[in-house]
A.B. asks: 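The structure follows.
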Amino acid sequence: MTFPDRGAAVAALAAEVPNLVQAVRAAEEFGDPDTVVLLCRALWPLQLKAGHHDALLPALRAGARVADAHVPGTRASGAVHAQLAHTLTELRRWDEAEAEARAAARDERAAGHVRGHASAVEFLGLLRLRQWRFEEAYDLFDEAGRVLDALGPADEGAADLPRARALLERHRGRALRGLGRRTEAVGRLERALRFFRSSGEAYNTARVLTDLAETHLDDGARESALPLVDEALAALARENAAYHVARLEALRERCVSPPQ
């Protein structure tokens with residue numbers, strides 16, 4: 001089946017959440033680990049853009065369980081653990097999320113997958129961001145960058161290196177904002193924004209616009225923040241990224257409400 005755009009694909013996944021979770025459970029019960037992992041990997045766009053974290057948690061737990069039993073130390077196992085770490089972070093289950101992010105790093109490192117190892121370290125940094133541990137988060141993003149330094153031009157994932165570094169720039173900007181270093185934060189975020197605009201990545205462009213808007217609002221610059229919020233809202237609505245749209249609508253209200 002094909003879809004006219006990414007937003008339509010995410011909507012189709014969202015409509016099938018109960019069935020997808022049951023399919024993962026059935027595949028585990030009938031001893032089909034390949035199908036379990038495949039289905040869990042297919043859930044990533046849904047997690048990222050639409051949320052549904054409570055509903056997807058049982059499937060992702062099953063995926064990590066099956067990966068550990070049948071394909072430990074592989075890229076597939078690392079990817080599923082990273083997905084579970086993401087959802088546990090969104091559910092604010094910090095200790096569990098950290099254990100899964102470390103499991104992802106372990107498996108990606110064992111598989112020799114440098115790009116995946118860097119992403120797993122990045123996940124740990126994102127967890128620290130959510131915990132307001134901004135110095136630690138920044139250090140972890142730097143560590144992820146050092147992992148990427150080992151990626152050779154002929155290695156798998158080398159073509160994705162500029163994008164990986166742009167993501168880390170975005171996250172460093174977010175950590176700097178948390179540390180109150182807003183001028184530096186804006187510089188990092190604007191570098192990330194230039195990359196994602198030039199590469200045509202609507203989702204990540206919108207996410208950086210959101211970060212910039214929040215940074216401007218920290219300084220009370222509502223007029224500067226509003227057009228960024230509106231651009232991000234339009235892009236994420238097209239992607240059916242409902243999880244982020246709800247946050248942006250609240251952010252927009254901050255931009256247009258009379259000051260207290």
A.B. asks: Ion pair present between Glu98 and Arg128, side-chain N to carboxylate O less than 4.0 angstrom?
C.D. replies: yes

A.B. asks: With a 4.5 Å heavy-atom cut-off, do Leu226 and Val256 have their side chains touching?
C.D. replies: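 Sidechains of Val256 and Leu226: in contact.
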
A.B. asks: For Glu100 and Arg61, what are the C-alpha separation, side-chain angles and deciding distance, and is it a salt bridge (Lys or Arg N to Asp or Glu O under 4.0 Å)?
C.D. replies: CA-CA 10 Å; Glu100 292 301 324; Arg61 287 198 190 280; 5.7 Å; no

A.B. asks: For Tyr243, which of His52, His86, His53 qualifies under ring-ring contact (aromatic ring centres under 6.0 Å, His included)?
C.D. replies: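 Among His52, His86, His53, the one that satisfies the ring-ring contact (aromatic ring centres under 6.0 Å, His included) with Tyr243 is His53.
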
A.B. asks: Quick one: SG on Cys255 to CD on Glu223, what's the gap to the nearest 0.5 Å?
C.D. replies: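 Separation between the atoms: 10.5 Å.
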
A.B. asks: Kindly give the heavy-atom pair with the smallest separation between Val21 and Pro58, and that separation in Å.
C.D. replies: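 Here Val21 and Pro58 meet closest at CG1-CB, 4.5 Å.
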
A.B. asks: Kindly indicate whether the side chain of Val208, heavy atoms from C-beta on, has any atom under 4.5 Å from the side chain of Phe195.
C.D. replies: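 Counting from C-beta outward, Val208 and Phe195 never come under 4.5 Å.
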
A.B. asks: Rounded at 0.5 Å granularity, tell me how far CD in Glu239 sits from OH in Tyr203.
C.D. replies: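 The OH atom of Tyr203 is 9.0 Å from CD of Glu239, to the nearest 0.5 Å.
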
A.B. asks: With a 4.0 Å cut-off on N to O distance, would you call Arg165 and Asp149 a salt bridge?
C.D. replies: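 Between Asp149 and Arg165 there is a salt bridge, with a charged N closer than 4.0 Å to a carboxylate O.
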
A.B. asks: Using only atom types and a distance under 3.5 Å, with no angle test, would you say the side chain of Ser199 pairs donor to acceptor with the backbone of Phe196?
C.D. replies: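 The answer is yes, because a donor-acceptor pair under 3.5 Å joins these two groups.
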
A.B. asks: Do the charged groups of Arg188 and Glu184 touch, with an N to O distance under 4.0 Å?
C.D. replies: no

A.B. asks: So Thr89 and Trp94, do their side chains get closer than 4.5 Å, heavy atoms only?
C.D. replies: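 Of all side-chain heavy-atom pairs linking Thr89 with Trp94, at least one is under 4.5 Å.
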
A.B. asks: I'd like to know if the side chain of Asp68 pairs up with that of His81 as donor and acceptor (distance under 3.5 Å, no hydrogens or angles considered).
C.D. replies: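 Side-chain D/A pair, Asp68 to His81: present.
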
A.B. asks: Between Asp230 and Pro227, is there a donor-acceptor pair closer than 3.5 Å when you use the side chain of the first and the backbone of the second?
C.D. replies: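 Not a single qualifying donor-acceptor pair exists.
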
A.B. asks: Any chance you could lay out the side chain to side chain contact (heavy atoms under 4.5 Å, CB included) test for Gln83 and Thr87, step after step, and finish with the verdict?
C.D. replies: CA-CA 6 Å; Gln83 287 180 244; Thr87 276; over 6 Å; no

A.B. asks: Carefully, step by step, assess Asn204 and Arg197 under the rule side chain to side chain contact (heavy atoms under 4.5 Å, CB included).
C.D. replies: CA-CA 9 Å; Asn204 278 314; Arg197 279 200 194 282; over 6 Å; no

A.B. asks: Does the Thr215 side chain pair with the main chain of Asp211, one donor and one acceptor, at a distance under 3.5 Å?
C.D. replies: yes

A.B. asks: Taking Glu201 first and then Arg163, would you say they form a salt bridge - that is, a charged N and a carboxylate O separated by under 4.0 Å?
C.D. replies: yes

A.B. asks: Would you say the side chain of Leu251 lies within less than 4.5 Å of the side chain of Leu248, judging by non-hydrogen atoms?
C.D. replies: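 They are in contact (side-chain heavy atoms under 4.5 Å apart), so the answer is yes.
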
A.B. asks: Test your reading of the model: is there a side-chain donor-acceptor pair from Glu28 to the backbone of Pro33, 3.5 Å cut-off?
C.D. replies: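 It does not hold such a pair.
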
A.B. asks: Do Phe30 and Val24 share a hydrophobic cluster, counting only Ile, Leu, Val, Met, Phe, Trp and Tyr and linking them when any side-chain heavy atoms are less than 4.5 Å apart?
C.D. replies: no

A.B. asks: Quick one about Ser119 and Arg115 (side-chain donor to acceptor, distance below 3.5 Å, no hydrogens or angles considered), yes or no?
C.D. replies: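 Yes.
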
A.B. asks: Quick one, Leu193 and Leu212 - any side-chain contact, counting heavy atoms below 4.5 Å?
C.D. replies: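 In short, these two side chains touch, coming nearer than 4.5 Å.
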
A.B. asks: Tell me the closest heavy-atom pair linking Ala213 and Ala225, and the distance in Å.
C.D. replies: O-CB, 3.5 Å

A.B. asks: Go through the structure and list residues passing side-chain contact (heavy atoms from CB on, under 4.5 Å) with Ala185, not counting sequence neighbours.
C.D. replies: Leu176, Arg177

A.B. asks: Counting only heavy atoms not in Arg106, do more than 12 sit closer than 6.0 Å to its CZ atom?
C.D. replies: yes

A.B. asks: Is Leu88 reachable from Leu46 through a run of hydrophobic residues whose side-chain heavy atoms are each under 4.5 Å from the next?
C.D. replies: yes

A.B. asks: Whether the His244 and Arg247 side chains hold a donor-acceptor pair (N or O, under 3.5 Å, no angle test) is what I'd like checked.
C.D. replies: no

A.B. asks: Hey, is CG on Asn19 packed in by over 12 heavy atoms from elsewhere, all under 6.0 Å?
C.D. replies: yes

A.B. asks: Can Arg130 and Glu90 be counted as an ion pair, charged N to O under 4.0 angstrom?
C.D. replies: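 Salt bridge: yes.
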
A.B. asks: Measuring only between side-chain heavy atoms, which start at C-beta, is Thr210 closer than 4.5 Å to Leu228?
C.D. replies: no

A.B. asks: Between Asp5 and Arg238, is there a side-chain N and carboxylate O pair less than 4.0 Å apart?
C.D. replies: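 Not counted as a salt bridge, because no side-chain N and carboxylate O are separated by less than 4.0 Å.
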
A.B. asks: Of all the heavy-atom pairs spanning Leu151 and Gly157, show the shortest one and how long it is.
C.D. replies: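 Nearest pair, atom of Leu151 first, then Gly157: CD2-O, 3.5 Å.
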
A.B. asks: Between Arg172 and Glu169 (salt bridge meaning N to carboxylate O under 4.0 Å), is one present in this structure?
C.D. replies: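 Answer for the salt bridge query: yes.
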
A.B. asks: Considering residues, nucleotides and ligands other than Glu135, do more than 12 of their heavy atoms fall under 6.0 Å from its CD?
C.D. replies: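 Check fails, neighbour count at 12 or below.
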
A.B. asks: Evaluate the side chain to side chain contact (heavy atoms under 4.5 Å, CB included) criterion for residues Leu140 and Glu122: first the C-alpha distance (whole Å), next the side-chain angles of each, then the deciding distance (0.1 Å), finally the verdict.
C.D. replies: CA-CA 7 Å; Leu140 283 161; Glu122 181 184 330; over 6 Å; no

A.B. asks: Could you tell me the separation between the CG atom of Asp155 and the CG atom of Asp160, rounded to the nearest 0.5 Å?
C.D. replies: 13.0 Å

A.B. asks: Where do Arg252 and Glu249 land on the side chain to side chain contact (heavy atoms under 4.5 Å, CB included) test, with the steps shown first?
C.D. replies: CA-CA 5 Å; Arg252 192 181 197 283; Glu249 287 173 343; 5.6 Å; no

A.B. asks: Would you check if Arg6 and Lys49 make a side-chain contact, meaning some heavy-atom pair closer than 4.5 Å?
C.D. replies: yes

A.B. asks: Quick one: does Asp107's side chain get under 4.5 Å of Arg75's, heavy atoms only?
C.D. replies: no

